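The shown structure was predicted, so the numbers you read here are calculated from the model rather than taken from an experiment. Residue numbers begin at 1 in each chain, while the letters A, B, ... track the order of the sequences.
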Amino acid sequence: MMNKKKFTSPIIEMLIGALIAALGYLAFKRGGYYYKLTALTGRGVVFYILAALLALGGLAVIVVGITSLLRVSRYNALVESGDRAAASSLDRSMGIKAKRALSNTFIYVLLVIISVIWLIPFICIILQSFRVESTSPVGYIVPQQWGLANYKNLLNTNFPRWYLNTFIIAIACAVLQTVIVLCMSYVLSRFRFKLRKPLMQFMLILGMFPGMLSMIILYRVLKDLGMTQANAVPGLILVYIASSGMGYYISKGFFDTIPKSLDEAARMDGATRAQVLFKIILPLSKPIIIYTILTAFMAPWADFVFARYISLNNPIGMNVAVGLNTWLSKDQIDSMYTTFCAGGVVVALPVTILFMLLQRYYVEGVTGGAVKG
Amino acid sequence: MSKKSIVSPIARIVLGLILAAVFCIFAAKLVDPWINKIGTAKAKDVIWSIITLIAGAVLLISGIAELVRSLHFNRMVTNSGMQVKKVKHATIGDFFKKIGAWFANAGKAVANEFKDIVQTFRNGDWKTKLSFLVMGFGSIARGQVLRGILFLLFEIVFIVYMIFAGVHWLSLLPTLGTKGPSVVYNEVLDQYVSQYNDNSFKILLYGVLTIFFIIAFIYTWRLNVKQNKISEEILRSGKPLKSGKDDLRSLVDDKFHATLLALPLTGIIIFTVLPIIFMILVAFTNYDGAHDGYYNNLFTWVGLKNFNTMLSWKAVGGGQSYAATFGEILTWTLIWAFFATFTNYFLGMFVAMMINKKGIHFKKVWRTILVMTIAIPQFISLLYVSKMFAKNGIVNGTLIALKIIDKSKPIPFWEDPTLARVMVILINIWIGIPYMMLISTGILMNIPADLYESAKIDGASPWQQYRKITLPYMLFITGPYLLTSFTGNMNNFNVIYLLTGGAPANSAASTAAGTVGYTDLLITWLFKIATGAEAQYYMASVIGIMVFAVVAVISLIVYNLLPSIKNEEDFQ
C-alpha cells in the first residue's frame, strides 16, 4: 500500500530557511547601526559579514525546501495516478541522483570559490611586482604601466646578498638537519634502551617551553663567538641544526612502519646494527629522507624571529625574510613596496616549484606523522 | 549486570556548560574593548575567567568522555545481555595517584642506588675499592684498558677543570659577581678608561655549565662503580671480560644507539636545555638592558620579585597592573588558540571530504591550489595579506571602486580591535586549512569503506554517517594532533607578528616594558618585552615560564582524558 507523502518536512525546511534569512536581516540592521557610529565601524563590518553569511545560508535552505517540495508533489501525482512502479523508482532515482547532482554542483561552486580566495593574494603580488607607475602601495590590482623595473631594482639592493645567505643556510640545514633528525628518529624507533622513554618525555616537556626564550642567551653566546650581525650565517646554521633533533616525530612514525622482522632477519645473518641501518633501512626510507630534506630546506626561507635577532639590523647578515621585511617599515614602504613584491616572487618561485615537484613526499610525511602522533 | 546511569555525566556536562557560559561573560568583559572601558580590567574578572575556564573545560571534557563510555558500555550490555568485562579508564584521581607513585618510585630508586654503592664497596676486592677514588682503576687492573683510560681521563679533566675554572664560577654563582665596571685612570694612555670586571652573564652561564659537569661526573662515577661490580661478577662466574676491541665494535652494534644519539643530544643539551635552564634562572634575577651584567651594571638574584610583579594588581606607570595585562593577553591567547585550532580542524576536514567525494573531478588540481599556502614562505604571504587589508590596501581600494563603501571611510581591518581579532583568525584559516586537509585526506582514505556501505544499507543520512563514523574515527586518531596543534597555536608567533605585530595598540594594557596590542599573544608579548627599549629579559623569562605552565597543565589534563592514548608498540 503506497501512501502519499506529506508536505510537512519541505515546509519546515523552507520555514527554517526563512528564519535564518530573517536573522540575517536583523544582523544587517544591527551592522548598519554600528557602522554609522565611527568608533564601532569594525563591529558593523563584522555584523555585515555575518548578515551576508546568514542570508546565503537561509537562501540555500529555502532552495533545498523548494526542490523537495517539487519532488514530493510529483511523487504524490504519480501515486494518485496509480503508477506505483514509476513512483517508487522516482523516489529512489530522483532522491539519489538529484541529491548527488545537487551536492556535486554545490561542491564545485564551493571549491571554485575557495580556489579563488586561495590564489588571489598570490596573483595580486605577481601583478604588483610588474607595476612601474609608482612604488607605493595602491588600492587597485591591475598595473597601469607594466615593466621589469622592480626586478632590475632588486639587483641594486642588498637582495642578492640576502638571497645567497638564505641559500647557503638552506643547503647546510638540508644536509646536516636531515642527518641529525634521521639518527634521532631511527634510534627512538628501533632501539629499546633504558633511557628511551624518559628521553622522549623529557623532549616533550622541553618542547613546551617557548623556543623564543633561548634567543636571548644564544645571541650573547654567538656574539662572543663572533657569529652575529654580519657573520650571522654560520650562527644561524648552528642554531637551526643544533636543536633539530627535537623534531623527530614524523620520521620516527615512518620508521615505525618498516617491519621489525627485516632487522631481525638481517641480525640473524650476522649483520651489525650499523649494517642494518645502512644496507636495509636507508634504502627503504627514500620518502622520509626526501621529506626531511624538503622541510629542512624550506624552513630557513621563512624563518623570521631568530634571523632578525641574530643579524640585528646588519643588512649583510640578514636572510630574505628579515631583509624584505625592512622594506615594509614605515619610512621605506612608499619607495620599496613594489620591489618587495618582486623580491617575494623571486623567493617564492624556486621554493614553490621545488615543493610542487616533491609534493607527494610531503603529503606522505604529513599524513603519516599525524596518524602516528 | 546493570546498566550504568548516565545522570552523573550529563550533570557534569550541564555544569560544564554553565561554567563555560560564565566564562564567556567574564571573557567578554576582558576582551571586548567596548564593555571593558579602557583600563578597567578587574582582578576578579581575570581570576574568575581562568577558574571557570579550567573547571568548565575539565567538567565538559570528562563529562563527555564519561558519557560516551557509559553509552558504549550500556550498548554492550544490551547487545550481549550478559556480563561485560569492566574496562578501567583513566580518571583525574588516577592521574594524581600516578604522580604520587612516580615520586615514591623515584625515592625508592635513589635509595636502592645508595644501597648498591655501599654493597659494592663492602663486597668488592681492593681493585674495586680503589676505583671509588681513582676512576677506571679496576677496569685497567682487570685488563679493560680502553674503558679504564676513558674513565680516568674523564676524572682528570674534571678535576683540572674544577680547580682552574669550576670552583671560580661556582663561588661567584651566589652573588653573580660583586665588582661592576668602573672608570680608572690609565697611566700609559694618560686618560680615564672604562675597566670591566665581573661578568654576571658569564658567571651564570658557566655556573650552570659547571653544575651540568658535576652531574655528568657523578653519573660517570656511578657507572664506574657499577662497572666494577659487573666485572667482578663476570670474573667470578669464570667468563672472560670484553676487550677494548669488543667495546669499539659494540659502538656500531649493540650500542649503536649511543653513537647515533651522541651528536643530536649534544646539540639539544647545549642549544636547548642549557638556554632554557639559563632563562628560567634569569626570571629570578634583574637582568635587563640596564643591567647587562658586564658593560654597564651587574645583575643579581632578586628572588621571587619578578613573579610578584607579574602577579600583582598594583598599576604600573599610569597603566594597569601586570596581572591585569597578563590576564587579558592570556584570555585572548586561549580564545585565539581555540578558534585557530577548531576552525582549521573542521574546515580542513570538510574541504578534504569535499575533494575526496566520489564524482568530484580534478582532485589533484584542488589540492595543489590549496597547498600553495604551505609552499610559499609565510613571511611573504602573510606580510602581503596584511598590506592587502590595510586602509589604503587593495581590499579597501576595490570596495571603494565598486562603491560598496564610502571613500572617506575605509574599513579599519587592522585598527579596530574586534575586527583585527576576527581577521587574524580568518587569515589563519587560509594558512592552516591545507595542513589539515592533507592530514585528513590520509585518514579518511583509511576508514574501512564497508562501514559506510552498511550504514547506507541501514538508511543512515550523510550527516549521520559523518557523526557516527567519520568524526569519531577522526577524533580518535587525531586526538594527540589536536592537542599539539592547540598548544602550537598558543605559541603561533608568525601569524600574529607578521599580520598585525600585535596592533591595534591597547594603551591601558601597555606596561613599562613596551606597547601591548589587542591581538598580542603571550609569545609576541614576550618577544616585545625582550626586544623592547628596556629589554626586560627577566620579565620575558617570567612570561616564558607562565606559558610553559599553561601549556603543560592543558597538555597533562587533556592527555590523561584522551581516549586514544595509544600504545605505540601496537603500531609495530
*Taking atom CZ of A:Phe193 as the centre, report whether more than 12 heavy atoms of other residues, nucleotides or ligands fall under 6.0 Å from it.*
yes
_Please classify the contact between B:Val371 and chain A as side chain, backbone, both or neither, with a heavy-atom cut-off of under 4.5 Å._
both
*Nearest heavy-atom neighbours spanning A:Val347 and B:Pro377*: CG1-CG, 4.3 Å
*So, do B:Phe379 and A:Trp327 have ring centers that fall under 6.0 Å from each other?*
no
*Taking all non-hydrogen atoms of both residues, which atom of A:Pro121 and which atom of B:Trp430 are closest, and how far apart?*
CG-CZ2, 3.5 Å
*Measure B:Ile280 against the heavy atoms of chain A and call it side chain, backbone, both or neither at under 4.5 Å.*
side chain
*Between A:Ser214 and B:Thr272, is any pair of side-chain heavy atoms under 4.5 Å apart?*
no
*So which heavy atom on B:Met388 is nearest to which on A:Ile120, and how close?*
CE-CG2, 4.0 Å
_Heavy-atom contact with chain A under 4.5 Å, split by part of B:Phe350_ = side chain
*Are side-chain heavy atoms of A:Leu328 and B:Leu383 found at a separation under 4.5 Å?*
yes
*Answer whether the closest heavy-atom distance between the side chains of B:Arg367 and A:Val363 falls below 4.5 Å.*
no
*Report the C-alpha separation of B:Phe271 and A:Leu218 in whole Å, then their side-chain angles, then the decisive distance to 0.1 Å, and conclude whether the side chain to side chain contact (heavy atoms under 4.5 Å, CB included) test is met.*
CA-CA 8 Å; B:Phe271 282 85; A:Leu218 287 179; 3.5 Å; yes
*Check each atom of B:Leu526 against the heavy atoms of chain A and say whether the ones under 4.5 Å are side chain, backbone, both or neither.*
side chain
_Contacting moiety of B:Lys202, where chain A heavy atoms sit under 4.5 Å_ = side chain
*How would you list, by chain and number, every residue that makes a ring-ring contact (aromatic ring centres under 6.0 Å, His included) with A:Phe306, sequence neighbours excluded?*
none
*So which part of B:Thr487 gets closer than 4.5 Å to some heavy atom of chain A, the side chain, the backbone, both or neither?*
neither
*What part of B:Met372 lies closer than 4.5 angstrom to a heavy atom of chain A: side chain, backbone, both or neither?*
both
*How are the rings of B:Phe548 and A:Phe209 set relative to one another: parallel (under 30°), tilted (30 to 60°) or perpendicular (over 60°)?*
parallel
*Identify which part of B:Leu205 has an atom lying under 4.5 Å from any heavy atom of chain A, answering side chain, backbone, both or neither.*
side chain
*What are the two closest heavy atoms between A:Thr352 and B:Ala375, and how far apart are they?*
CG2-CB, 3.9 Å
*Hey, does B:Ile360 have a side-chain heavy atom less than 4.5 Å from the side chain of A:Leu111?*
yes
*Can you name the residues that form a ring-ring contact (aromatic ring centres under 6.0 Å, His included) with B:Phe493, not counting sequence neighbours?*
B:Tyr497, B:Phe527
*Using non-hydrogen atoms only, which part of B:Ala552 is less than 4.5 Å away from chain A: side chain, backbone, both, or neither?*
both
*B:His257 versus A:Leu188: any side-chain heavy-atom pair under 4.5 Å?*
no
*Is the shortest heavy-atom distance from the side chain of B:Arg249 to the side chain of A:Thr272 under 4.5 Å?*
yes
_More than 12 heavy atoms from other groups under 6.0 Å of CZ on A:Phe106_ = no
*Is any side-chain heavy atom of A:Leu213 closer than 4.5 Å to a side-chain heavy atom of B:Pro275?*
no
_Any B:Lys387 side-chain heavy atom under 4.5 Å of A:Tyr337 side chain_ = yes
*Compare every heavy atom of A:Val138 with every heavy atom of B:Ile394, then report the nearest pair and how far apart it is.*
CG1-O, 3.8 Å
